[in-house]
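The next block holds one structure in the form of structure tokens; read it before the comments.
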Amino acid sequence: MDYNKLAELMFPTITKTVEDYERIYPKRNLKEGAQVTRFAPSPTGFLHIGGLFASLISERIAHQTDGVFILRIEDTDKKREVENGVERILEGLKNFEIKIDEGFTDFDTCVGEYGPYKQRERAEIYQAFAKKMVSEGLAYPCFCTEEELTEIRNIQEEKKILPGYHGEFAKCRNLSLEQIEENIKKGLPYVVRMKSPGNPEKRISFKDAIRGNIEMPENIVDVVILKSDGIPTYHFAHVVDDYLMGTTVVIRGDEWISSAPIHLQMFYLLKLKAPKYAHIAPIMKEDEGGKRKISKRKDPEAAVTYYSEEGYPVEGVIEYLLNLANYTFEDFRRNNKTAHWSEFKLEMNKMSNSGGLFDLVKLNDVCKNKIASYTAEQVYDLAIAWAKEYDSELYSLLTRDKDFSVAMFNFDRNPDKPRKDIGKFNEVRNSFSFMFDELFDGKYEEIPNVDKAKQKEIIEIYKEIYDENADKDTWFATLKEVAVKVGFAAEVKEYKANPDAFGGHVGDVSTVIRVAVTGRTRTPDLWGILKTLGKNKSSDRMEKYIKELN
RNA sequence: GGCUCCAUCGUCUAAUGGUUAGGACAUCGCCCUCUCAAGGCGGUAAUAGGGGUUCGAAUCCCCUUGGAGUCACCA
């Protein structure tokens with residue numbers, strides 16, 4: 001058969017050749033060892049936590065080596081595309097501080113010399129590559145209908161042989177030029193299939209950067225490379241794009257492992273050097289005792305927006321993910337308390353090759369430590385940034401008096417062992433509700449050890465001698481003074497040694513005041529709370545509580 | 001079902017033929033302490049099962065079991 005004629009028949013409007021494109025997109029001039037990576041999502045919904053994980057790894061590998069990180073949009077499937085799909089992905093990456101060098105770097109910006117970076121806009125490029133394959137007899141048109149394909153599959157299932165368009169089932173392989181010409185003239189829709197040279201007896205192997213050597217049977221299926229609308233399938237788009245864009249490592253989910261033989265075969269047929277592959281394990285979720293891949297539909301925490309909404313600090317989420325990627329991150333963090341996460345060197349060969357459970361409890365711990373490492377001012381900034389978006393009432397309360405809010409976030413925030421009780425910013429409202437009259441609900445927790453009359457006595461004495469300018473030690477001394485006046489022990493030890501001699505101890509005194517002012521038996525540093533609320537408000541609260549006691 | 005990958009404390013994982021199988025989170029106990037939160041010290045807790053190879057196996061091989069992924073004109 002005259003394949004050149006066939007190619008012209010199928011692609012009469014395609015005039016540029018593969019060589020032309022190779023000139024348009026020359027090899028990148030990068031320093032030795034620089035890696036080019038890419039994140040290539042399809043705009044089918046929100047950014048998935050697994051997608052963030054993959055893009056974080058890709059971004060690290062590129063930037064650790066002074067390489068390039070590309071964001072390419074795989075929009076070859078019109079049916080699954082959702083509105084604002086691209087924006088939602090971009091927003092997710094932006095929120096988590098993933099820096100993109102090329103492709104879509106922002107909502108309205110697309111930069112780089114290797115574009116377009118949206119696959120549908122690259123249709124002619126793929127067609128040129130397909131044309132080349134047809135002209136070399138490596139691809140052919142297939143006119144089989146859906147019904148015919150289903151029938152083939154049924155027969156294959158019945159006979160228990162490998163399903164797919166291959167061997168004797170690939171009937172369009174044998175169409176004559178005349179038949180094809182006639183079909184095209186009739187306007188019959190067709191797809192373009194790769195003519196697989198695969199041998200079912202043979203196996204191929206490749207080295208995966210994460211998993212090591214993988215061996216699989218050769219691909220024998222004549223997979224579709226161009227759909228009937230002229231748009232490529234993922235397989236073909238991947239091969240063409242990653243070749244022309246100069247990708248050196250393809251980092252993707254391990255659901256792609258089983259199609260790697262197809263991709264390797266395409267590179268082989270096109271006589272192109274295949275990139276390295278790194279298949280990462282999916283993030284899993286515990287489900288009724290078992291494990292399953294975290295699901296977009298079932299799990300709210302699958303969407304990165306979940307972490308933003310809950311107010312997890314960005315750095316906490318990123319560091320947790322880094323932790324999941326390389327166990328050595330924990331050591332890095334221990335030894336470099338203040339270093340930014342980007343100083344950590346991610347190593348591909350230290351990545352786990354089985355899917356790990358996403359552990360929200362551990363994430364919370366990482367985030368608590370992260371927030372504890374910030375200054376009160378930083379916490380304030382992050383808290384109001386979160387509240388502005390998700391809790392407008394809290395936002396106005398926090399910003400009403402910045403000094404007040406910062407002082408509040410500064411409770412127990414000493415550098416040596418900072419308080420660690422907030423893991424995410426949606427906890428701020430509840431943790432500090434007693435600091436704002438608007439949030440203070442006037443409910444009081446029970447004080448088990450001190451009866452009401454005694455409570456009243458304690459508060460009345462304390463109110464009179466409280467000095468809001470006293471330093472912490474002096475303040476605590478006055479508490480002891482009160483304890484003695486009401487017949488309580490000034491030292492807890494003293495009380496424990498001889499409980500019958502006292503009505504209680506200094507701790508009970510502080511609890512009474514604590515409850516009177518905050519409604520709670522457990523709070524951060526009471527001295528700080530009183531000082532920050534100010535004498536007037538503290539006194540009001542105490543009076544209110546006395547009324548409550550009557 | 002075929003193909004592929006995977007299997008160490010509850011969870012994430014370390015230990016590349018010789019370790020009392022280590023760490024982190026969670027959990028429990030004690031200490032510190034004006035309540036919490038922290039912090040300190042300690043505890044419980046794992047090599048899926050069965051066969052080999054070897055002086056010696058979590059580690060290498062085989063089988064079983066279990067889990068995951070994939071088999072589209074979806075990515």
Side-chain angles (χ1 to χ4, degrees), chain A residues 40-44 74-80 119 142 144 146 149 153 156-157 160-165 189-193 208 211 214-217 221 223-229 231-235 237-238 252-261 279 281-282 284 286 290-293 320 323-324 326-331 333-334 350 352-366 368 372 411-412 414 416-422 431 445 447 475-476 479-480 483 490-492 505-511 513-515 518 520-527:
Chain A
S42 51
T44 53
E74 310 228 325
D75 60 347
T76 54
D77 186 7
K78 273 185 287 225
K79 293 185 287 285
R80 299 203 318 160
Q119 290 180 331
C142 168
C144 287
E146 223 177 297
L149 294 174
R153 199 171 310 124
Q156 289 167 330
E157 260 167 43
K160 292 198 195 307
I161 48 181
L162 179 76
Y165 207 77
Y190 66 90
V191 299
V192 182
R193 289 183 185 274
D208 185 283
R211 298 173 175 243
I214 298 179
E215 197 185 292
M216 270 187 269
V221 175
V223 293
V224 173
I225 60 174
L226 289 184
K227 302 188 251 184
S228 54
D229 58 0
I231 298 295
T233 55
Y234 169 84
H235 306 299
H238 149 57
R252 46 146 61 156
D254 72 355
E255 68 269 21
W256 291 110
I257 282 191
S258 52
S259 35
H279 290 99
M284 312 286 281
E286 176 135 35
K291 270 189 187 182
R292 63 171 168 77
K293 202 168 159 182
Y320 174 69
N323 208 327
L324 220 49
N326 272 188
Y327 60 90
T328 42
F329 183 80
E330 232 160 52
D331 284 332
R333 184 40 85 212
R334 224 194 320 272
K350 284 196 176 138
S352 163
N353 49 14
S354 66
L357 290 181
F358 193 84
D359 187 349
L360 283 171
V361 177
K362 182 143 185 175
L363 169 68
N364 201 260
D365 179 71
V366 172
K368 269 185 189 173
F411 294 158
D412 292 321
N414 45 46
D416 301 332
K417 36 176 193 170
R419 182 174 195 82
K420 295 180 186 174
D421 53 358
I422 297 174
S431 294
E445 287 177 24
I447 302 171
W475 169 80
F476 194 59
L479 236 47
K480 290 182 178 179
E491 303 291 340
V492 179
H505 57 76
V506 64
D508 295 318
V509 172
S510 79
T511 299
I513 298 164
R514 194 183 302 279
V515 169
T518 69
R520 304 182 186 190
T521 53
R522 299 176 306 177
T523 73
D525 173 33
L526 184 56
W527 172 76

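Naming: A, B, ... by sequence-line order, numbering from 1 per chain. Nothing here was measured: the structure is a model prediction, and the numbers come from that model.
Separating the CD1 atom in Ile513(A) from the CG atom in Leu479(A) is a distance of 4.5 Å, to the nearest 0.5 Å.
In this view, Lys78(A) and Asp229(A) satisfy the salt bridge (Lys or Arg N to Asp or Glu O under 4.0 Å) rule, not counting sequence neighbours. Contacts of Glu445(A) classified as side-chain hydrogen bond (donor to acceptor under 3.5 Å, both in side chains), with partners at least two apart in sequence or in another chain: Thr521(A).
For the C1' atom pair drawn from U54(B) and U11(B), the interatomic distance equals 35 Å after rounding to whole Å.
With hydrogens and angles left out, the side chain of Arg211(A) and the base of C5(B) share no donor-acceptor pair within 3.5 Å.
A 3.5 Å limit on both hydrogen-bonding distances identifies C3(B) as the Watson-Crick or G-U partner of G69(B).
Among the atoms of the strands shown, only primed sugar atoms or phosphate atoms (P, OP1, OP2) are found under 4.0 Å from some heavy atom of Thr76(A). Looking at heavy-atom distances under 4.0 Å, Glu146(A) makes no contact with the nucleic acid at all.
Here the closest non-hydrogen pair linking Ser42(A) and Arg80(A) is OG-NH2, 4.0 Å. Considering all non-hydrogen atoms of both residues, Ala281(A) and Ser352(A) come closest at CB-O, 4.2 Å.
Applying the 4.0 Å criterion to OP1 and OP2 of U70(B), one finds that Ser259(A) has every side-chain N and O outside that range. At least one side-chain nitrogen or oxygen of Arg153(A) sits closer than 4.0 Å to the OP1 or OP2 atom of A72(B). The side chain of Lys227(A) contributes an N or O atom lying less than 4.0 Å from OP1 or OP2 of A75(B).
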If a protein heavy atom is under 4.0 Å from the base, mark B; if only from the sugar-phosphate, S; if neither, -; do that for nucleotides 32-48 of chain B going 5' to 3'. --BBBBBS---------
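Crowding of Glu215(A) atom CD: a count of heavy atoms from other residues, nucleotides or ligands under 6.0 Å exceeding 12.
Atom CG of Asp331(A) is separated from atom P of C25(B) by 12 Å (rounded to the nearest Å).
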